[in-house]
Amino acid sequence: MPSEDFSSVPILDYSLLESDKAQFLEQLRHALINVGFLYLSNHPVSQANIDTLISYIPKLFALPQEAKDKIKMANSEHFLGYSRFGAELTKGAVDQREQFDFATKHECRWKEGDPEHYRLWGPCQWPDEKLIPGFRETLGGYLEQVESLSLKFSSLIAEAFGLGPDGLSQFYDTPELMQHKAKIVKYPVVQGSSDQGVGPHYDAGFLTFLLQASEHRGLQVQNLSGEWIDAPPVPGTFVVNLGKALEFVTGGLARATSHRVLSPKGASPRYSVRFGFPLEILALRDARGNVAATDSMNIELH
Ligand SMILES: O=C(O)CCC(=O)C(=O)O
Ligand SMILES: [Fe+2]
């Protein structure tokens, strides 16, 4: 398929894998090479679980400030926990968002003498179960399912490029050693002069699975002409996008695409859940060098 400048984000139907895998892989290849973003519909993650998770999110942010601060990220050497509104920057400008960083289950494997970066992975800080009963189990179930989808998706990407299903797994750890982070984000309604929910950036890892957890528009993706293309919420889908690590290991064939979020203008906040597969691979980041001019200060890059 010829390279083209996209004007919308393609929707891939995961159930096509059953009926016509070759067609699915062809559409996937197009999205990887030309867009770097896609919606995935009819995916295997339970919609009931997603709906329950979505219903918890406003309650999570409505917890007393004291309960949120108790699990603040500063407590955790694994960069997991709560960050107050305005704590993150993209290229020097404040992102208008409040967030919790959770992750798939993981014991910290660092011990005396191990490389320092092993400390980056470890257990989550959870809010008090009494204040938000059932949240931990719901999010835990969701993360397990998205993790398994992301592993499967990574092998589909390898197949789309004509490799065997394990063609990309050499670049990351085995599943037991990997941890994947999920950021639950609240973008409050625009207040002052800035509508920067999150400024233009590339993601750092391999793949991001984004759940748009409210009906607001705001996510935008930049095409090669520099135009910002809307990626509005599409019920029942994930937005999947590629990060710099995947772009690097495919020699630029799979495209990492710049994107941003504009703060909502209506009466209610925008919410999203961003799952990164896997956490930044430090060796790859070092190998690909400094791309600071375009990267955001998302936590994977610290
Ligand atoms: O919240 C969103 O819709 C996207 C956020 C994002 O791009 C990121 O956190 O990397
Ligand atoms: Fe992003």
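Every heavy atom of this structure was used, including side-chain atoms; hydrogens, water molecules and symmetry mates were not.
We find that Glu176 and Lys105 are not joined by a salt bridge, their nearest charged nitrogen and carboxylate oxygen being 4.0 Å or further apart.
Residues in residues 136-147 take part in these side-chain hydrogen bond (donor to acceptor under 3.5 Å, both in side chains) pairs, two or more places apart or across chains: Glu147-His180. Within the structure, salt bridge (charged side-chain N to carboxylate O under 4.0 Å, His left out) contacts touching residues 55-75 (residues at least two apart or in different chains) are Lys68-Glu98, Asp69-Arg84.
Contacts of Asp114 classified as salt bridge (Lys or Arg N to Asp or Glu O under 4.0 Å), with partners at least two apart in sequence or in another chain: Lys111. Under the side-chain contact (heavy atoms from CB on, under 4.5 Å) criterion, Pro264 pairs with Tyr187, His216, Arg270, sequence neighbours left out. Not counting sequence neighbours, the partners of Pro64 by the side-chain contact (heavy atoms from CB on, under 4.5 Å) test are Ala67.
Counting only N and O atoms by type, the side chains of Asp203 and His259 include a donor and acceptor under 3.5 Å apart.
Counting all heavy atoms, side chain and backbone alike, Ile229 lies closest to Ser8 at CG2-CA, 3.7 Å. In this structure, Pro127 and Ile132 approach most closely via the heavy-atom pair CG-CG2, 3.8 Å. Heavy-atom minimum distance, Gln125 versus Gly81: NE2-CA, 3.9 Å. In terms of heavy atoms, Cys124 sits closest to Trp126 at CB-NE1, 3.5 Å. Of all the heavy atoms in Leu60 and Phe102, the pair that sits closest is CD2-CE1, 4.2 Å. Summarising the geometry of Pro44 relative to Leu149, their closest heavy-atom pair is CD-CD1, 3.8 Å, with the distance given to 0.1 Å.
No donor-acceptor pair under 3.5 Å is formed between the side chain of Arg97 and the backbone N or O of Lys186. Thr257 places no side-chain N or O within donor-acceptor distance of the main-chain N or O of Phe37, the cut-off being under 3.5 Å. In this structure, the side chain of Asp13 engages the main chain of Ser15 through a donor-acceptor pair within 3.5 Å. Within the 3.5 Å criterion, the main-chain N or O of Gly36 finds no donor-acceptor partner in the side chain of Asn241. Side-chain atoms of Glu159 never come within 3.5 Å of backbone atoms of Ala22 as a donor-acceptor pair (strictly under, hydrogens ignored). When atom types are taken as modelled, the side chain of Glu247 and the backbone of Ala256 share a donor-acceptor pair closer than 3.5 angstrom. At least one donor-acceptor pair closer than 3.5 Å links the side chain of Ser155 to the backbone N or O of Lys152. Looking only at distances, no side-chain donor or acceptor of Gln222 sits under 3.5 Å from a matching main-chain atom of Trp228.
By the 4.5 Å heavy-atom criterion applied to side chains, Gln99 and Tyr82 are not counted as neighbours. Residues Gln179 and Glu107 fail the side-chain proximity criterion, which asks for heavy atoms closer than 4.5 Å.
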Quiz item: Which is it for Val35 and Arg255 under the side chain to side chain contact (heavy atoms under 4.5 Å, CB included) test, yes or no, and what are the steps along the way?
Solution: CA-CA 7 Å; Val35 189; Arg255 178 187 296 183; over 6 Å; no
Exercise. Dump the intermediate steps for side chain to side chain contact (heavy atoms under 4.5 Å, CB included) on Lys181 and Leu80, then the final yes or no.
Key: CA-CA 8 Å; Lys181 192 171 275 190; Leu80 294 170; 3.5 Å; yes
Self-check item: Phe238 vs Phe275, ring pair (Phe, Tyr, Trp, His ring centres under 6.0 Å): CA-CA, chis, key distance, verdict
Solution: CA-CA 10 Å; Phe238 286 113; Phe275 180 98; 8.7 Å; no
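Environment of CD in Gln23: crowded, with over 12 heavy atoms of neighbouring residues, nucleotides or ligands closer than 6.0 Å. Within 6.0 Å of CD on Gln65 lie more than 12 heavy atoms contributed by other residues, nucleotides or ligands.
Below 30°, between 30° and 60°, or above 60°: for Phe277 and Phe206 the angle between ring planes is above 60°, a perpendicular geometry.
Each of Thr250, Leu156, Ile157, Val240 was compared with Leu32 under the side-chain contact (heavy atoms from CB on, under 4.5 Å) criterion, and only Ile157 meets it.
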Only distances under 3.5 Å count here; give the side-chain donor-acceptor pairs of residues 189-199 to other protein atoms, sequence neighbours excluded, each with its distance to 0.1 Å.
unit_1 : atom_1 : unit_2 : atom_2 : d
Ser194 : OG     : Gln196 : N      : 3.1
Gln196 : NE2    : Ala93  : O      : 3.1
Gln196 : NE2    : Asp95  : OD1    : 2.6

